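A note on names: the letters A, B, ... follow the listed sequences, proteins ahead of strands, and every chain is numbered from 1. These numbers were taken from a predicted model, which means no experiment stands behind them.
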Amino acid sequence: MANLPIIQFEEKIVETVEKNPVVVIIGETGSGKSTQLSQILHRKGYTRSGIIAVTQPRRVAAVSISRRVAQELGVRLGEEVGYAIRFEDRTSEKTCIKYLIDGVLLRESLSNPELNQYSVIILDEAHERSLNTDILLGLMKRLIKMRASNLKVLITSATLDGEKVSRFFSNCPILNVPGKLFPVEIFYNMERPKSYLESSLKTAIDIHVREPEGDVLIFMTGQDDIEKLVKKLEERVQSLEEGSCMDAVILPLHGSLPPELQVRVFSPPPPNCRRFIVATNIAETSLTVDGVVYVIDSGYVKQRQYNPSTGMYSLDVVQISRVQADQRAGRAGRTLPGKCYRLYPSMVYHEELLDATVPEIQRSSLAGTVLYLKSLDLPDMDILKFDFLDPPSSESLEDALKQLYLIDAIDENGSISSIGRTMAELPLEPSLSRTLMEANEYGCLSQALTVAAMLSAETTLLPGRSKSTEKKRKHDSSDLPNGSGWGDHIQLLQIYELWDQTDYDVDWCKDNNLQVRGMKFVRDVRKQLSQIMQKIAKGSLDVRTNERRKESQEDYRNLRKSLSVGYANQLAERMIRHNGYRTLGFKPQLVQVHPSSVLRTDEEGMLPNYVVYHELISTSRPFMRNVCAVEMPWVMPILKKLEKLNISKLSGGSGQSEEQTEGDKSSLPKKDDVNVARPVDDRDSQIQAARERFLARKGK
DNA sequence: CCAAGCTCA
């Protein structure tokens, strides 16, 4: 610890923090900022008046760093030094240095908006710009005004955007702490390669033949590319002349690799053997591989983005940012001076790459974020003007407001409702929290809890599919239930209840091709959600899973009905005479049911007239993923609500001063009078008319 | 008839 660079800056840091409410610390890898800043301020007495909080974007980091700090201070983890992550709070009365996930601090701020227990809040790894860190940055800006006398905020960031963060906090001081990295020499391709797969193959072999020992880390974009490159590398290495160079092992590394294969990168290679690690960006920050001396950087990354105008997600291969490129290069200089080969021209690096990755807040659906901010009841708060470091587009915020309105979380003036307040308590996306609340009314809370928990873990349930596991799809494999035809939500419910009946048997998961870790996570989430619901209802709810009781169609019906309320913003109507759907949102999209769905067709081969979907994902085509059949009478009230929607009122009521788009004008609630005048007993024609008006409006 | 980067309350 004594030889960490940051220790030499101790006095300077203390002095700057004492004089300023906010300080930005630029600390490169190996500077010791994550473990030392908290200890420095602890030594200076900042823990006498409160706790020092250090936020982290990842669970493993919170746990391992706090363990390290406890060790350095010679105390037991969980006493003076502790951590708080989901499902696990290892802090006590004695705790004065607390490492926590940014999302946990946001939860705490719900019940204690001034965060009075903390004397210092350190936002670590802020340059990663996680959604939650960005919200915290905005909240800190307000908080330091309210608590000017007794709160210090430190933000750690990367060289490239330190200035920007400083400007955001009224030009607060920036301190630079050097890292302990070895120099890394950078090489560029003359041109952008036609195929970065071929280019990385060639570069890798060149290194292997010409360069001294040291492992090679290759950054690719996804599982497919990784598998292809691993195969080609193996072929090429084998075809090299025996004895012409050292041996080689080639290891893939990505998130959907089973854990036992992931950890192979941590065991040292046999002597006189070079390792090639072909990885996704998991090796950029989450996992650190020792022994790497050479990095090959394709310059690309796969990123998920949300389009607020269509409500659709897509997963695109995009260019990395300069911060990311530097981070990747740095992976070569951890143990020795290293070399980084960028498979793109230097001009691309200097002129084309963005300074920093587009922050998550500009790539996500913001319904949950907006609901959270509304529930904080910040004074004189216009959600569209919340002070973000990088504000999301007004289109994205308006999309969030519309979604929240449709599921009754906010009223027509944009004020949070009591339903919305309860929803904000639940660690779920708004559509699922709304479903839980509705299910409670219909007596199917237990089932809804299961569905919500299963959907929270859905991606980790099924093992990573590759060519070899291709046959094992969820609907044509094994004896797993099929949702009784109603769709994927019901299937998820049935799967969990079967597992529940085996007393959470691990072997049952394996037999049915479900990831054990994923299922255990579902169980934890379900338990947590049950507890929160109990707390809200003061313990009077029945959240038990059904024991050896066949679910009746009536239970499924109630559950589907609850889903139609929770997913009011994610409904679709089947088009006439074929199985394509049109979403019933503000801008209808033509979409298909994802082929992995278990939703069943009727005798005539037709899918249900109305469905809810968990998400829209645009891959080869736009698809609805996780689909459940609902009934027309449940959909109609939602269509009527859609008609009444007035975005100008929703977004703070400043009304005329806000620019009004075409769509806004047509949704002014004039037509509703006509609707009220219709004969009440003629329901069918009333519904039909509502539908036609709705669809006609779409056409414009 | 499809495809999945990584986190996290």
Side-chain angles (χ1 to χ4, degrees), chain A residues 55-62 84-89 100-110 125 128-133 135-136 219-227 253-257 262 279-287 298 300-305 313-318 320 324 327 357 359-360 363-364 368-369 371-372 423-430 432-433 452-453 456-467 469-470 473-476 521 524-525 528-529 531-532 579-580 592-597 599 601 615 617-625:
Chain A
T55 70
Q56 291 293 324
R58 278 174 294 280
R59 295 164 61 93
V60 274
I85 59 180
R86 190 178 191 178
F87 311 131
E88 202 183 348
D89 184 351
L100 72 179
I101 302 305
D102 44 19
V104 173
L105 189 61
L106 282 179
R107 294 271 127 203
E108 290 185 359
S109 142
L110 265 181
E125 316 289 5
E128 290 189 22
R129 304 296 303 279
S130 77
L131 178 57
N132 287 337
T133 302
I135 300 170
L136 283 170
F219 283 103
M220 303 295 286
T221 59
Q223 185 178 348
D224 258 19
D225 286 347
I226 289 173
E227 282 168 9
L253 179 61
H254 53 82
S256 37
L257 212 61
Q262 272 188 25
T280 59
N281 47 333
I282 195 171
E284 222 172 82
T285 47
S286 305
L287 293 181
S298 65
Y300 290 95
V301 68
K302 227 177 244 185
Q303 238 175 34
R304 189 175 144 99
Q305 10 229 5
Y313 279 97
S314 59
L315 200 65
D316 307 321
V317 173
V318 300
I320 58 172
Q324 263 180 305
Q327 175 71 25
T357 312
E360 203 184 346
R363 296 187 277 117
S364 317
T369 303
L371 180 63
Y372 172 83
M423 286 166 58
E425 301 270 321
L426 292 155
L428 286 172
E429 48 195 278
L432 285 176
S433 14
S456 304
E458 210 254 345
T459 48
T460 60
L461 286 184
L462 301 167
R465 57 200 83 180
S466 61
K467 302 286 172 268
T469 57
E470 195 164 16
R473 304 270 175 60
K474 67 174 179 183
H475 54 283
D476 55 26
F521 176 74
D524 286 340
V525 173
Q528 186 190 31
L529 296 176
Q531 285 167 346
I532 296 172
N579 279 334
Q592 307 265 312
V593 174
H594 196 279
S596 66
S597 176
L599 191 68
T601 55
E615 72 171 358
I617 175 98
S618 175
T619 48
S620 58
R621 276 186 299 170
F623 288 108
M624 299 183 283
R625 280 205 18 207

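- A:R621 pairs by the salt bridge (Lys or Arg N to Asp or Glu O under 4.0 Å) definition with nothing, not counting sequence neighbours.
- We find that CD of A:Q528 is positioned 7 Å from C1' of B:dA9, with the value rounded to whole Å.
- Under the salt bridge (Lys or Arg N to Asp or Glu O under 4.0 Å) criterion, A:R86 pairs with no residue, sequence neighbours left out.
- Among the nucleotides B:dC2, B:dG5, B:dA9, the one closest to the side chain of A:Q223 is B:dG5.
- Residue contacts shown for A:V301 are absent, as no nucleic acid heavy atom lies under 4.0 Å away.
- At least one side-chain nitrogen or oxygen of A:R59 sits closer than 4.0 Å to the OP1 or OP2 atom of B:dA9.
- Closest to the A:I282 side chain, of the nucleotides B:dA9, B:dC6, B:dC1, is B:dC6.
- One atom, CD of A:E429, and another, C1' of B:dA9, lie 12 Å apart when rounded to the nearest Å.
- The two residues A:D89 and A:A84 have their closest heavy-atom pair at OD1-CB, 4.0 Å.
- Counting heavy atoms from C-beta outward, A:T357 and A:I320 have side chains that stay 4.5 Å or more apart.
- Residue A:L253 is the one, among A:L253 and A:P427, whose nearest nucleotide of DNA chain B lies closer to the 5' end (criterion: closest heavy atom).
- OP1 or OP2 of B:dC6 lies within a sub-4.0 Å distance of a side-chain N or O belonging to A:T280.
- Distance A:F87 CZ to B:dT7 C1': 14 Å, rounded to the nearest Å.
- Although no hydrogens or angles enter the test, the distance criterion places a donor-acceptor pair under 3.5 Å between the side chain of A:S456 and the main chain of A:A452.
- Counting non-hydrogen atoms under 4.0 angstrom, A:R621 reaches the backbone sugars and phosphates but no base.
- In this structure, the CD atom of A:E88 is 15 Å from the C1' atom of B:dC8, given to the nearest Å.
- To the nearest angstrom, C1' of B:dA9 lies 11 Å from CG of A:L100.
- In this structure, A:S620 reaches the sugar-phosphate backbone alone: every heavy-atom distance under 4.0 Å involves primed, P, OP1 or OP2 atoms, never a base.
- The listed nucleotides are B:dG5, B:dC2, B:dT7; the one nearest the side chain of A:P595 is B:dC2.
- Looking at A:T285 and A:E125, their side chains never come closer than 4.5 Å, going by heavy atoms from C-beta outward.
- Residue-level contact check: A:I101 touches the backbone only, with heavy atoms under 4.0 Å from sugar-phosphate atoms and none from bases.
- Taking atom OH of A:Y313 as the reference point, atom P of B:dG5 lies 18 Å away to the nearest angstrom.
- In this entry the distance linking CD of A:E125 with P of B:dC8 reads 13 Å, nearest Å.
- At a threshold of 4.0 angstrom between heavy atoms, the contacts of A:R86 include nucleobase atoms, whether or not backbone atoms are also involved.
- In this structure, A:I85 reaches the sugar-phosphate backbone alone: every heavy-atom distance under 4.0 Å involves primed, P, OP1 or OP2 atoms, never a base.
- Across B:dC2, B:dA9, B:dG5, the shortest atom-to-atom separation from the side chain of A:R107 is found for B:dA9.
- Atom NE2 of A:H254 is separated from atom C1' of B:dC6 by 13 Å (rounded to the nearest Å).
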